[in-house]
Amino acid sequence: MEKVVRKVLPLQTAHAQKKIGNETHEQKEKRMAWWTHDRFGMFIHWGLYSQAARHEWVKRWERMSNEQYQPYFDTFNPDMFDPKTWAKQAKAAGMKYAVLTTKHHEGFCLFDSKFTDYKSTKTKANRDLVKEFVDAFRAEGIRVGFYYSLIDWHHPDFTVDGVHPLQPKSEADSDYAKINKGRDWNKYKAYLHNQVRELLTNYGKIDILWLDFSYPNSNGHGKGKSDWGSVELLKMIRQLQPGIIVDNRLDLDEYSDGADFATPEQVKPSELQSEYGGMPFETCQTFSGSWGYFRDENSWKSNRELLTLLITAVSKSGNLILNVGPTARGYFDYRAVHALDSIGVWMKYNQQAIYGCTQAPAEYKAPENTLLTYNPVTKKIYLHLMQYDQSTLTLSGYKGKIKYAQFLHDNSEIKYQPVGDNTNDLQIKLPQKPNVEIPVIELTLQP
Ligand code: GLC
């Protein structure tokens with residue numbers, strides 16, 4: 001499998017100094033308060049690649065020309081597309097926001113853009129699918145976000161680069177020049193700005209914009225802020241939608257307000273950090289290896305692995321956005337439905353340990369094989385028992401700090417007692433493992 005050229009690494013050293021706007025730290029916190037509270041969202045990758053059903057990068061991986069890709073457009077017919085069902089499924093899983101690919105790297109638009117015919121209204125679907133998504137999710141009380149690919153492998157003016165399906169065999173500048181003859185980058189840049197303007201004008205209040213992605217250092221054949229016109233673009237975005245939350249893939253790391261959140265992609269729970277150059281994070285993850293529907297992909301994460309991602313993210317003050325790749329007919333396949341349902345079962349009983357929660361204060365150490373989340377408003381610590389093979393649990397340094405302990409899923413009391421006279425430790429006697437994938441003990445702190 002080809003390695004993607006980048007991964008836009010968030011700044012991890014000094015915090016950026018330059019600024020584009022003049023928002024204060026407090027204003028930013030307020031703007032992002034719902035996102036920080038809600039913690040859990042749904043990503044939806046859906047496009048013509050869903051029909052190929054072998055990864056959303058299929059056009060690049062198989063080096064397909066526009067002509068070779070055209071059958072997916074000609075036959076695209078999502079006869080079972082029903083975003084109301086998607087929204088209900090997201091809600092039942094406990095997801096509070098959803099981000100849809102309005103256009104992925106393949107260039108196909110799920111919305112009725114004035115600036116192209118390469119869009120859903122010109123296919124058998126014959127509808128603005130983005131509009132229906134927005135209406136359906138809003139109706140369920142789920143916030144809506146747009147993913148929009150900065151990259152476009154269909155547009156005739158998007159210059160061929162190191163990740164393009166038509167990348168020349170040699171890296172010689174002259175070969176790139178030859179293949180790019182006649183492509184007018186300024187036209188593409190205008191197209192990109194125009195489409196972002198459309199998306200942020202025609203669909204009401206949009207909560208998140210997820211722009212993807214920059215790869216400026218690719219042998220001089222990459223793209224970054226000056227290509228996209230990122231500063232201007234971000235100014236326009238903030239002007240059109242002052243409340244919107246924007247990801248960090250515009251290549252604006254040098255500006256302290258060039259992004260709202262970092263996007264560690266497909267990382268292991270152990271790789272998540274509490275902080276990315278002063279920014280909070282949202283880790284984006286798939287159920288299996290692919291974002292777009294991949295029929296023959298079998299490495300699906302277990303319920304435990306998915307919950308571990310969610311709990312770990314929150315234990316480090318971050319969010320999780322979990323991706324579904326609907327089939328080309330427009331429904332979530334049985335594996336995705338199963339994964340969502342199982343998360344929903346856990347969330348039904350344990351959501352208090354996720355929403356409104358964040359990293360626990362440093363004085364509370366997580367015992368081995370546990371993760372802590374903390375609600376600073378209700379002053380509760382949630383002890384997630386990631387393994388359940390011992391009969392006691394020692395809470396080092398917790399003596400005198402806990403008022404009451406219970407399982408979260410059923411409010412059944414958990415007994416604890418000090419360990420000896422000369423320590424600050426408490427010991428919990430664990431009951432039989434309850435029928436919960438990852439049981440959570442709720443510790444109410446002394447006021
Ligand atoms: C990457 C991939 C893309 C996916 C995205 C989600 O940028 O190119 O296919 O949409 O990450 O984070």
Side-chain angles (χ1 to χ4, degrees), residues 1-10 40-64 69 72 95 97-110 130 145-154 158 161-165 167 192 199 208-218 222-224 227-228 230 245-253 259-268 271-272 276 279 281-294 297 301 309 313 318-326 336:
M1 200 185 270
E2 176 186 48
K3 207 109 185 81
V4 180
V5 172
R6 43 118 225 184
K7 283 304 169 188
V8 189
L9 288 176
F40 189 27
M42 175 182 276
F43 224 157
I44 304 174
H45 276 65
W46 196 44
L48 299 181
Y49 47 80
S50 312
Q51 210 163 312
R54 51 185 192 276
H55 205 280
E56 76 284 355
W57 275 61
V58 60
K59 190 174 187 185
R60 156 73 189 187
W61 286 3
E62 299 180 14
R63 303 291 194 273
M64 293 164 103
Y69 207 74
Y72 304 130
M95 292 155 158
Y97 59 94
V99 179
L100 172 70
T101 51
T102 59
K103 177 192 94 167
H104 203 264
H105 308 336
E106 64 177 5
F108 176 67
C109 299
L110 298 183
V130 168
F146 290 159
Y147 169 107
Y148 179 85
S149 173
L150 300 164
I151 300 169
D152 194 315
W153 295 330
H154 178 268
F158 187 92
D161 56 31
V163 299
H164 196 281
Q167 179 189 14
L192 151 66
L199 285 168
I208 297 173
L209 187 62
W210 228 101
L211 297 164
D212 197 34
F213 64 80
S214 301
Y215 43 111
N217 303 320
S218 192
K223 292 188 171 67
D227 303 292
W228 316 128
S230 294
I245 295 177
V246 184
D247 73 338
N248 71 335
R249 294 189 177 179
L250 268 171
D251 185 28
L252 293 174
D253 285 354
D260 291 322
F261 63 95
T263 54
E265 176 177 331
Q266 301 278 57
V267 297
K268 294 198 191 79
E271 290 164 353
L272 287 171
Y276 290 77
M279 257 190 284
F281 73 85
E282 171 191 74
T283 182
C284 44
Q285 302 273 345
T286 57
F287 286 144
S288 62
S290 169
W291 299 89
Y293 176 64
F294 199 134
E297 226 281 332
K301 294 185 182 84
L309 279 167
N319 287 21
L320 168 67
I321 187 163
L322 200 51
N323 180 72
V324 182

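Count residues from 1 along the sequence. Every number for a ligand or one of its atoms is a count from 1 in the order of the listing. Scope of the values below: all heavy atoms of this structure, side chains included, with no hydrogens, waters or symmetry mates.
Remark: His154 pairs with Tyr118 by the ring-ring contact (aromatic ring centres under 6.0 Å, His included) rule, at least two apart or across chains. When the ring-ring contact (aromatic ring centres under 6.0 Å, His included) test is applied to Tyr148, no partner is found at least two apart in sequence or on another chain.
For ligand 1 and His104, the ligand atoms under 4.0 Å from any heavy atom of the residue are 3 (C), 4 (C), 9 (O), 10 (O). Every atom of ligand 1 is numbered from 1 in the order shown, and the set under 4.0 Å from a heavy atom of Trp210 is 12 (O). Listed by atom number, the atoms of ligand 1 under 4.0 Å from Tyr147 heavy atoms are 10 (O). Set against the non-hydrogen atoms of His105, the atoms of ligand 1 under 4.0 Å away are 2 (C), 3 (C), 8 (O). Of all atoms in ligand 1, listed by their number and element, those nearer than 4.0 Å to a heavy atom of Cys284 are 12 (O). Heavy-atom proximity to Phe213, at under 4.0 Å, picks out these atoms of ligand 1: 7 (O), 8 (O). For ligand 1, the atoms lying closer than 4.0 Å to a non-hydrogen atom of Glu56 are 3 (C), 9 (O). Distances below 4.0 Å separate heavy atoms of Trp57 from the following atoms of ligand 1: 2 (C), 3 (C), 8 (O), 9 (O).
For a threshold of 3.5 Å applied to N or O pairs, the pair formed by His45 and ligand 1 contains at least one separation below that value. Note: no N/O pair closer than 3.5 Å links Trp291 and ligand 1 by distance alone.
The closest approach between any non-hydrogen atom of Gln266 and ligand 1 is not below 4.0 Å.
Ring orientation note: the planes of Trp153 and Trp57 are nearly perpendicular, at an angle over 60° on the 30°/60° scale. Classification of the Trp291-His45 ring pair by plane angle, with boundaries at 30° and 60°, yields tilted.
Considering each of Glu265, Glu282, Glu106, the one bringing a non-hydrogen atom nearest atom 12 (O) of ligand 1 is Glu265.
With contacts defined as side-chain heavy-atom distances shorter than 4.5 Å, the pair Met95/Leu322 qualifies. Between Asn319 and Phe40, every side-chain heavy-atom pair lies at or beyond the 4.5 Å cut-off.
Side-chain contact check for Asp161 and Tyr215: at least one donor-acceptor pair (N or O, by modelled atom type) lies under 3.5 Å.
Using a cutoff of 4.0 Å between basic side-chain nitrogens and carboxylate oxygens, Arg54 and Glu297 are not scored as salt-bridged.
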